[in-house]
Asks: 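This is the structure I want to talk about, given as structure tokens.
So that the names make sense, note that chain A is the first sequence line, chain B the second, and so on, each numbered from 1.
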Amino acid sequence: MATEQRQQQQGWNPVSRVLNWMEQLSEEAYAYLLLAPAFLVLFTIALWPLWRTFRVSLFADNLFGAAKTGEFVGLQNYIEVLTNQNPLLSRPLIDLTGGTPFFRQALLVTLAFAVISVVFETLIGFGQAYIMSKEYRGRRWVRVAIILPWAIPIVIQGMLFFLLFNPSVGFLSDPLQAIGLFGSNPLTSSTNAFVIVTVADIWKTSAFMALLILAGMQSIDKSLYDVAEVAGASPWQRFRHITLPLIFPALMVAMLFRTIDAMRIYGIIEASGAGCGTVPSLSCLVVDTMFGVTQAYASAATIAFITASIIALVIGGYLVVLKLSPEGSYQ
Amino acid sequence: MSQPTGTERSDDETRGPLSNWVDSAIKNPKKVYRAMFYVVVIFFLFTTLFPLYWLTMIALSNSNRVSEGVGLLPAGFDPSSFVEIFQQIPLHLYLFNSFVFATLTTIFVLIVASLAGYAFGRLEFRGKRTLLLTVLIISFFPPAAFFIPLFQLFTQQIAFLGLTPPELYSTPGGVVVPLSAIFMPLAIFILTTFYSQIPDGLEDAARIEGTTRLGALFRVIIPLSAPGVATAGILTFIAVYNEFFFSFLMTGTAAQDWAPIVDGIISYQSQFQVRYDLMAAASIVAVVPVAILVVVAQEKIVSGLTSGALKE
Amino acid sequence: YGASGSEGVEILGNQNLAQNMDVQAFYDAGVSENISIEITAGPEDTDARAEEFVTLLDAQQEKPDIMVMDNGWTIPFIVRESIVNLEAEMDSEFIDRVKSESFEMLVETGSHPDTGELWAIPFFPDFPTMHYRKDLFRDAGYTDSEFDRWSTDPPSWSEWSASVAEVHDSADVDYGYVWQADSYPGLSCCTFNELMSSYGGAYFGGLDTLFGPVGDRPVTVEEEPVIEALNVARDMVTGSSEASQDIAQCSPNVVFGWTEQETDGAFVGDTNAVAMRNWTYTIPLAEDQFEGGQELGVMPMPYGVPEGEAAYEGLGGTAAALGGWLVAANPNTTDLGSTLEVLRAFHSEEIQAAQLNGPGFLPHQPDLVESLAGEHPAFGDYSETLRIAGDNTVARPVTPVWSQQSQEAYQDINDALQGRKRPTEAMSDLEGAFIDLENIS
Amino acid sequence: MATITLQDIRKKYGSDVAIEGINLDIRDGEFVTLVGPSGCGKSTTIEMIAGLTKPTSGTVSIGERDVTALPPKDRGIAMVFQNIALFPHKNVYDNISFGLQLRNFDKAEMDRRVEDAANTVQLSGMLDRMPSEMSGGQRQRVAIARAIVREPDVFLMDEPLANLDAELRVHMRTQLQRIHNKLDTTIVYVTHDQAQAMTMSDRIAVLNDGELQQIDPPLVCYHEPANRFVAGFIGSPAMNFISGEITTDGFRSDSGHGDVEFDPAAIGVQAGQDVTLGVRPEHVIPVDEAVGDVTDTIETYTDVIEPMGDEIFVYLVTSKGETVDMEDPSASGQILMNVGPGTDVAENQELSVVFDKTNLHLFDAETEEALAHGLSEPVRVDTSVDTSADSEVSSDDD
Amino acid sequence: MATITLQDIRKKYGSDVAIEGINLDIRDGEFVTLVGPSGCGKSTTIEMIAGLTKPTSGTVSIGERDVTALPPKDRGIAMVFQNIALFPHKNVYDNISFGLQLRNFDKAEMDRRVEDAANTVQLSGMLDRMPSEMSGGQRQRVAIARAIVREPDVFLMDEPLANLDAELRVHMRTQLQRIHNKLDTTIVYVTHDQAQAMTMSDRIAVLNDGELQQIDPPLVCYHEPANRFVAGFIGSPAMNFISGEITTDGFRSDSGHGDVEFDPAAIGVQAGQDVTLGVRPEHVIPVDEAVGDVTDTIETYTDVIEPMGDEIFVYLVTSKGETVDMEDPSASGQILMNVGPGTDVAENQELSVVFDKTNLHLFDAETEEALAHGLSEPVRVDTSVDTSADSEVSSDDD
Ligand SMILES: Nc1ncnc2c1ncn2[C@@H]1O[C@H](COP(=O)(O)OP(=O)(O)OP(=O)(O)O)[C@@H](O)[C@H]1O
Ligand SMILES: Nc1ncnc2c1ncn2[C@@H]1O[C@H](COP(=O)(O)OP(=O)(O)OP(=O)(O)O)[C@@H](O)[C@H]1O
Ligand SMILES: [Mg+2]
Ligand SMILES: [Mg+2]
């Protein structure tokens, strides 16, 4: 039969021979094969550098010579950073004495930023996804408009908000000052600058949330809504019983990565003119320490790993509280 | 409703259009709903677009009047900044560089993450959880944590497992390779989520028809996950296009050395003086390719891709 | 695209330099015609430029051959030995000439703090002067005689603040004296540094210890002159009379968030302020911008306590923070010979004339400032002022830890200015942080 | 009161007309079955009653109230979907109790009802399963349970038993009837299963190509089909059709086999009119078993014989050596006979058969409308009354 | 050669056993129908043949080759899925031609084949439609067309006609048989429709609870069911069962109604053994129509009467005033009778009936295995031979 012959001919072709070989693999072996490229990339480009960076964090800084690190000190760097004894840090990482105002402590600023921005971005993202999902004329342009902020480079986003809140150029700080919300120099006051940075971030990254939520919504089989409607579900109930559970995996991915990203906030702080001095974040400490002319690599590596551990704690909490396995409700 | 009586009509006239509307809205709650919906749409459009509008006003302002304050209209009117941005630096080259990075990275990430997403989303194997967690953990680290070893690797100062790669510094490879790794976890998670939601029945059907498992992925699962794939693509593309850390440090500052668009934009900033109008104009120009991409890609984010497929 | 060729010498500077410097000047200064010279632009932001140099030196890039470096961060590169030790490569006669003929502070910020060897050649100095609106002062009754006196013999802060306040009262501008007090590196290296110096204060006990030895010098930020300087600065904005001197309220409180470009915008762009502290580059800008009756006046920075009343040698009197740039050689260059030949040309009159006429950079030799700048269309009127200011510069204490110390300093100083900490409290915090950093090795 | 009235309903999908204009009156508590060929518009009709599809024109009323603009949730209906559409993220219990949860039933009452419904569909042990872990028939049963648990005024069921085996189907049929009786629910039911349609319905509505052909009690549709379409559609295996014309003394077939004598005047047809004769397979009788009023003997030959267990299908051809075209059962010259299981027939035999004259049908060849049912004492069909009015009258007698 | 052999196949989902251990030999070109109650494992079996589900243990061979580890694409099969599974992003043409496209057929040949297949399923005008724009039955037909267009060695069809109307079902049935004959394809078919199973299959495989009960030609399953389950499952309406015990002179029912005289020794049973008597509704005969070897008269009363058009179901109860429990048709004391359409019966009448002795079945009450079929000259069932070997023998005669 024609089909049969064709298949046999294919058998001689090396490409299809490889494909055939792959097809014979057990599910498990096949899974590992498919994961191989990703892990090859992740291993060389991410895990291996991390390992090297980690090694650096076990040595002392050397600021006064050609070599960048000094003798092996083990976990000394970690202890110093965590107990605020590393003089190279411009801000306390964790100040348990309560002496440093809230918005000047890297950890607190980072956490506060993550919580506030993720909450608002999720809510706004839902709203945006909702209006992007409805059918009406001009929807495509509404979609583009909503996604556009995400397309703005962080430098410009920073400049934009810097200017908007700049007392001489923009016009946002005057009214806010008038009602007493802002001081005269919003960008130099940690609290005000924190608000500005957060607003700027929400403006830009809600689109990220919205896109993922929208994609989740669009993947739902419409007939389920029919069923729910016939069963008497109000719009809210349809959302609650169908939309929400079915976009939950996508929503989780969005929130997970937004939280991680928010906890690594750096760019907008610098770009908006607030600066790491005013709104210190964990990543600020890493970048300042690593890339200043001081080149305190060991301290920087230490802070990077501490930052990652803190993020891991938060994300771990996420997974536990929401009773998620990392693969979530993928089954 | 549709045929108001004479008295009602005269009533209407005396009460004015607003109360007319309110009246008909009470009779037809859908109208209220529609109106509210449009209010929401306008609200979101306003909040997202206003800053961009204002950015345009800055671009159109006279360069030395920006600091006087720019309101709803430009301070002075000087559209020449849109020309000047190309005169001062080869902006188009910077645009091209970023575009190349973004395109290459997006394609690479989507392919590799698709394979991984398929494995994580649709296959059962030992160690799935651990591996997925590993992927996630990579994104916990500030990008700076990867930078120095990669930098040394790409400048051929150190070897990886005894291998010295070609010098990738100041080539697209020096940007695309690390960014691929950095944006891969997100793409893997997104694709895993969406691929896992495609009903098994459709993959089964494709395999019966004669595709391999991989063939089913590309012919059925990916097309049906179009919203997810398009989203992962848009997110990756834009993120790389605007990425600053690696694309800045792994390349030179000149357009000829593969400097990214952001490098171009900040070069309008001199030590003590910032040409806001030029930066604004350049970023508006830079956003155009992305906007076009979004216009195209969002068509893929359409609903009902799986309707009519299965009886179950 | 791809690797730059090894032919010729590349100088990495900024836009202004790349666009406005006449390359011919190098050949005029004696560089061999068969060495091609190219000037390229790096990031304008000084910190970004530093990062760029860190990475390209780390990457062992062959280009650029010559790097234009901020004197604020050249010493760390020297200490790390990541640039060429010129004293080892060039004839000692030339080195000695450079050392003796250039602004002393520029030489010091280009030398190894331990050995004193010269690693980078001075390119151009920069320092602030006091800019003011003669027309407004005239309206308030001041005359040319005062202006002439001030141009070489600036008033004290006490007098100056009162004058500005007086002029501001009658003038139709929003701001009086505008300056830069944002929480940024410019505050610690410059604005506050010079104010503190003119009141006789210092970070590390005087001028001898500016560049080290780290860990082996006193930390003196808690001393009285420093506190006084803080109070003076606060009084200018708040009028709260905390300083022992009488300082009139003459500055808006927005200056606590301002850097150069905002003051620039207010004084030059919007012609909306009475006076401004700013670097020399604003002089041509203002000359250019002012129109109608608007008239620019320039003088050295006002003084706090007279010279000689200060506790440390060389402090007190008028003081201007020293900014400025140096040129250094990339050790990975494929053609060190040509590179050194071009470097040598930087210390020629031809180049210094070309940099003044082109990008507008002052010569790094004090005696050339007066002679060359005197003929300059914008600087010409102020050449003497510039010389005096240039003679009274105070450098920042650049060491490998300065970047960290600077950060601590501007944060604490800004906190004190904004009233978030009491001045004594802020300075005591700063002293602690400084000592920690001093003791790091 | 849950009467359902469709008035002049039309539905177009783009330019495709799915429903041509349907009028339908369903009484409170009635069980109406929609039947018709695949794609004729049954699901569309049911979806319009549910409110899931908006009619292009016309109005839908439920219990006197015009609900055309009302969303489904306010119509008081429960529905079993043709495509089942279980919630993939909810287990069986949650799927079934969904409607109750929306109405905040208390837990105990909900458990009781769900338990009841699950028992009815024989799934009691499976409440914790996810839909993906069930067989096709089990899923369909969950869908049924999800609808019946709500005890609504109106049930809409689109092929609810398609994937169930005979036994379960009989069981479900009785269960549905029981529910119907107990709750006095109005039921609109779509099925392809003749047995279901015949046994369960108060009336059967036959649709074809988006048009209502007949709505009548099952046996009326069977014995007095309104037109050739209904005659051919209702009954399995289908009715035999023989084309011919009216002569002065009855019907003469074109093929010469199957002439019938009767008085044309009695049914108001005229000699020369082209007509089609319809005879059901069970009314084709071997001549030696013939009793009562039958036609003249027709000489046939058996071709294919399909023993079904409880009956035997015999495919007859009218000339020797011909074979039956199974693809076109109504091809001229072939007749399907349905005899009891004991009958002694073999393939390729001669066999004389007769038609039971009391059960013959006559249709106009052109309009396909029925002209007469039963030709021993022919009954004229009054074609001047239109179908829906007709159904109103004829269904009164149930 | 496309024989299909399942050897000791077991399938567990987690701890739930879906298939208990099945042995099945399907000959090349054979048409085997799997039947069984919902959830018995039909789809699972078919999926294991296809290679979509891996058996927990056991081997699958197609045409001598052990394919247990082979992916579906290399097994030379086409399949119609119970859940239809059209590609929602492809139009009808692309859905049907998908398999051909994968094999790089040239355009003209592909068009021809698709056109053919679409004609077969009567969808020729709809090639441009998307699945979401089609009715349930139309979708199912696309699924069938997608399978037949490939002309494979083996067809697996899981309820392919569930959503089609009677006429189309008959049409499709003939088409499938035609394809079967033309291509000599081996077909494994799942259906709940008795008529399909009876008319199309070479053999019927009856499954229950993951176990194979019998595999035999349709009439063998009907007339000589291997056990009580098969007897009850095959045939619609279902067989009546009467429990009782063997006496020295035959069968005595527990209720006293339906005793049968025969010689227990002839079928090797002993007095005192508990047995179940099975009689199909069509073998329950009103006493006045009785011919041949029948049992003694049983006095009954008619309860419900269901006229089906071509036959009438009569529910009988054995004591006056009792009513039939429709939910449990085999409840003791009630008997279902199936009579021809002309029979004159009314509800709540006395009616004497007899059983046709040649068509009675006797089952062991405990093991449920068949003991004898036909009690006029009883035939003993040799229970020592196991089912599958049995089927090999009995199916040889087809
Ligand atoms: N993924 C699964 N997990 C657990 N049990 C399953 C799964 N799939 C099927 N089953 C169970 O296995 C049994 C056999 O299922 P199968 O689909 O083969 O039944 P079927 O005979 O095709 O039934 P139907 O006629 O209802 O389609 C059923 O009881 C079903 O509940
Ligand atoms: N979304 C749609 N777009 C275009 N045509 C459609 C759409 N939905 C249904 N149709 C067409 O409308 C007609 C009626 O469809 P409907 O689903 O009501 O048929 P049905 O009687 O339920 O058939 P079946 O018995 O096959 O389910 C069909 O011919 C179908 O192709
Ligand atoms: Mg339908
Ligand atoms: Mg099944």
Asks: Which of the residues A/Ala312, A/Ala38, A/Ala308 is involved in the greatest number of heavy-atom pairs with chain B at under 4.5 angstrom?
Replies: A/Ala308

Asks: Which bit of B/Phe245 is near chain A, if near means a heavy-atom gap under 4.5 Å: side chain, backbone, both or neither?
Replies: side chain

Asks: Measuring from A/Tyr130:OH to A/Met217:CE, what's the distance to the nearest 0.5 Å?
Replies: 8.5 Å

Asks: Which bit of A/Phe54 is near chain B, if near means a heavy-atom gap under 4.5 Å: side chain, backbone, both or neither?
Replies: neither

Asks: Using side chain to side chain contact (heavy atoms under 4.5 Å, CB included), reason through B/Phe44 and A/Ile124 one step at a time and then give a plain yes or no.
Replies: CA-CA 9 Å; B/Phe44 278 122; A/Ile124 293 172; 3.6 Å; yes

Asks: Which of the residues B/Val41, B/Leu186, B/Thr212 is involved in the greatest number of heavy-atom pairs with chain A at under 4.5 angstrom?
Replies: B/Leu186

Asks: Using heavy-atom distances under 4.5 Å, tell me whether A/Phe257 contacts chain B through its side chain, its backbone, both, or neither.
Replies: side chain

Asks: Counting heavy-atom pairs under 4.5 Å to chain A, which of B/Ile284, B/Ile261, B/Leu45, B/Ile137 comes out on top?
Replies: B/Leu45

Asks: Taking every non-hydrogen pair under 4.5 Å, which of B/Val294, B/Leu235, B/Leu49 racks up the most with chain A?
Replies: B/Leu235

Asks: Sort B/Leu214 into side chain, backbone, both or neither according to what part of it lies under 4.5 angstrom from a heavy atom of chain A.
Replies: both

Asks: Under 4.5 Å from any heavy atom of chain A, what part of B/Ile188 do you find: side chain, backbone, both or neither?
Replies: side chain

Asks: Which bit of A/Thr44 is near chain B, if near means a heavy-atom gap under 4.5 Å: side chain, backbone, both or neither?
Replies: both

Asks: For the candidates B/Ala232, B/Pro185, B/Ala297, which exhibits the highest count of non-hydrogen atom pairs separated by less than 4.5 Å from chain A?
Replies: B/Pro185

Asks: If you count heavy-atom pairs under 4.5 Å between each of B/Ile58, B/Ile111, B/Val287, B/Leu293 and chain A, which one has the most?
Replies: B/Val287

Asks: Using non-hydrogen atoms and a 4.5 Å limit, figure out which bit of B/Phe147 sits close to chain A: side chain, backbone, both or neither.
Replies: side chain

Asks: Would a distance-only check, ignoring hydrogens and angles, find a side-chain to backbone donor-acceptor pair under 3.5 Å from A/Ser26 to A/Ala29?
Replies: yes

Asks: Say whether, by atom type as modelled, one donor and one acceptor occur between the side chain of A/Ser57 and the main chain of A/Ala301 under 3.5 angstrom.
Replies: no

Asks: Less than 4.5 Å to any heavy atom of chain A: does that hold for the side chain of B/Ser114, its backbone, both, or neither?
Replies: neither

Asks: Please flag which part of A/Val286 lies under 4.5 Å from any non-hydrogen atom of chain B: side chain, backbone, both or neither.
Replies: side chain

Asks: Rounded to the nearest 0.5 Å, what separation is found between the OG1 atom of B/Thr231 and the CD atom of B/Gln298?
Replies: 10.5 Å

Asks: If I measure from the heavy atoms of chain A, does B/Leu153 come under 4.5 Å with its side chain, its backbone, both, or neither?
Replies: side chain

Asks: Counting only non-hydrogen atoms closer than 4.5 Å, does A/Leu163 touch chain B with its backbone (N, CA, C, O), its side chain (CB onward), both, or neither?
Replies: both

Asks: Quick one: which of A/Ile154, A/Ile152, A/Leu224, A/Val314 has the most heavy-atom pairs under 4.5 Å with chain B, could you say?
Replies: A/Ile152

Asks: Please state whether the side chain, the backbone, both or neither of B/Thr47 comes within less than 4.5 Å of a heavy atom of chain A.
Replies: backbone

Asks: Is there side-chain contact between A/Tyr30 and B/Tyr118, with heavy atoms separated by less than 4.5 Å?
Replies: yes

Asks: Report which part of A/Trp141 has an atom under 4.5 Å of a heavy atom belonging to chain B: side chain, backbone, both, or neither.
Replies: side chain

Asks: With a 4.5 angstrom heavy-atom cut-off, could you sort out which part of B/Phe146 is near chain A: side chain, backbone, both or neither?
Replies: both

Asks: What part of B/Val177 is in contact with chain A, defined as an atom under 4.5 angstrom from a non-hydrogen atom: side chain, backbone, both or neither?
Replies: both

Asks: Does the plane of the ring in B/Phe125 sit parallel, tilted or perpendicular to the ring in B/Phe120? Use 30° and 60° as the thresholds.
Replies: tilted

Asks: Among the options A/Val56, A/Leu33, A/Leu42, pick out the one with the most heavy-atom pairs lying under 4.5 Å from chain B.
Replies: A/Leu42

Asks: With respect to chain B, which residue among A/Leu214, A/Ile131, A/Thr53 yields the maximal number of heavy-atom pairs within a distance under 4.5 Å?
Replies: A/Ile131

Asks: Does any heavy atom of chain A fall under 4.5 Å from the side chain of B/Gln152, the backbone, both, or neither of them?
Replies: side chain

Asks: What part of B/Val295 gets within 4.5 angstrom of chain A, counting heavy atoms only: side chain, backbone, both, or neither?
Replies: both

Asks: Mind checking the CD1-CE spacing from A/Ile147 to A/Met132? Nearest 0.5 Å is all I need.
Replies: 5.5 Å

Asks: For B/Thr193, does its backbone N or O pair with a side-chain atom of B/Ser196 as donor and acceptor, under 3.5 Å?
Replies: yes

Asks: Check for a donor-acceptor pair, side chain of A/Ser281 on one end and backbone N or O of A/Ile265 on the other, with a separation under 3.5 Å.
Replies: yes

Asks: Using non-hydrogen atoms and a 4.5 Å limit, figure out which bit of B/Leu55 sits close to chain A: side chain, backbone, both or neither.
Replies: both

Asks: Chain B heavy atoms under 4.5 Å from A/Arg264: which part of the residue, side chain, backbone, both or neither?
Replies: side chain

Asks: Going through the checks in order, is the side chain to side chain contact (heavy atoms under 4.5 Å, CB included) test met by B/Glu299 and A/Arg140?
Replies: CA-CA 8 Å; B/Glu299 304 265 320; A/Arg140 119 189 356 215; 2.9 Å; yes

Asks: Could you go through B/Phe246 and B/Leu150, starting from their C-alpha distance and side-chain angles, then the distance that decides it, and tell me whether this counts as side chain to side chain contact (heavy atoms under 4.5 Å, CB included)?
Replies: CA-CA 10 Å; B/Phe246 279 92; B/Leu150 284 181; 4.2 Å; yes

Asks: Can you tell me which portion of A/Trp150 sits under 4.5 Å from chain B's heavy atoms? Options are side chain, backbone, both or neither.
Replies: both

Asks: In terms of heavy-atom proximity below 4.5 Å to chain A, should B/Phe151 be classed as side chain, backbone, both, or neither?
Replies: neither

Asks: Most heavy-atom pairs under 4.5 angstrom with chain B, which of A/Leu212, A/Val142, A/Leu40?
Replies: A/Leu212

Asks: Start with the C-alpha gap between B/Val229 and B/Tyr195, add the side-chain angles, then the distance that decides, and say whether side chain to side chain contact (heavy atoms under 4.5 Å, CB included) holds.
Replies: CA-CA 9 Å; B/Val229 178; B/Tyr195 292 171; 3.7 Å; yes

Asks: Could you look at A/Ile260 and say if it's the side chain, the backbone, both or neither that has a heavy atom under 4.5 Å from chain B?
Replies: side chain

Asks: With respect to chain B, which residue among A/Val144, A/Leu50, A/Val41 yields the maximal number of heavy-atom pairs within a distance under 4.5 Å?
Replies: A/Leu50

Asks: Tell me, side chain or backbone of A/Leu160 under 4.5 Å from chain B's heavy atoms, or both, or neither?
Replies: both

Asks: What part of A/Leu164 gets closer than 4.5 Å to chain B, counting heavy atoms only: side chain, backbone, both or neither?
Replies: both

Asks: What part of A/Ile315 lies closer than 4.5 angstrom to a heavy atom of chain B: side chain, backbone, both or neither?
Replies: side chain

Asks: Using non-hydrogen atoms only, which part of A/Phe43 is less than 4.5 Å away from chain B: side chain, backbone, both, or neither?
Replies: side chain

Asks: Quick check on the interface: out of B/Val262, B/Val109, B/Leu131, who has the most heavy-atom pairs with chain A under 4.5 Å?
Replies: B/Leu131

Asks: Could you give the distance from CZ (A/Arg258) to CG (A/Leu251), rounded to the nearest 0.5 Å?
Replies: 13.5 Å

Asks: Measuring heavy-atom distances to chain A, does B/Ala144 have an atom under 4.5 Å in its side chain, in its backbone, in both, or in neither?
Replies: both

Asks: When the ring planes of B/Phe237 and B/Tyr241 are compared, do they come out parallel, tilted or perpendicular, using 30° and 60° as the limits?
Replies: parallel

Asks: Please state whether the side chain, the backbone, both or neither of A/Tyr225 comes within less than 4.5 Å of a heavy atom of chain B.
Replies: neither

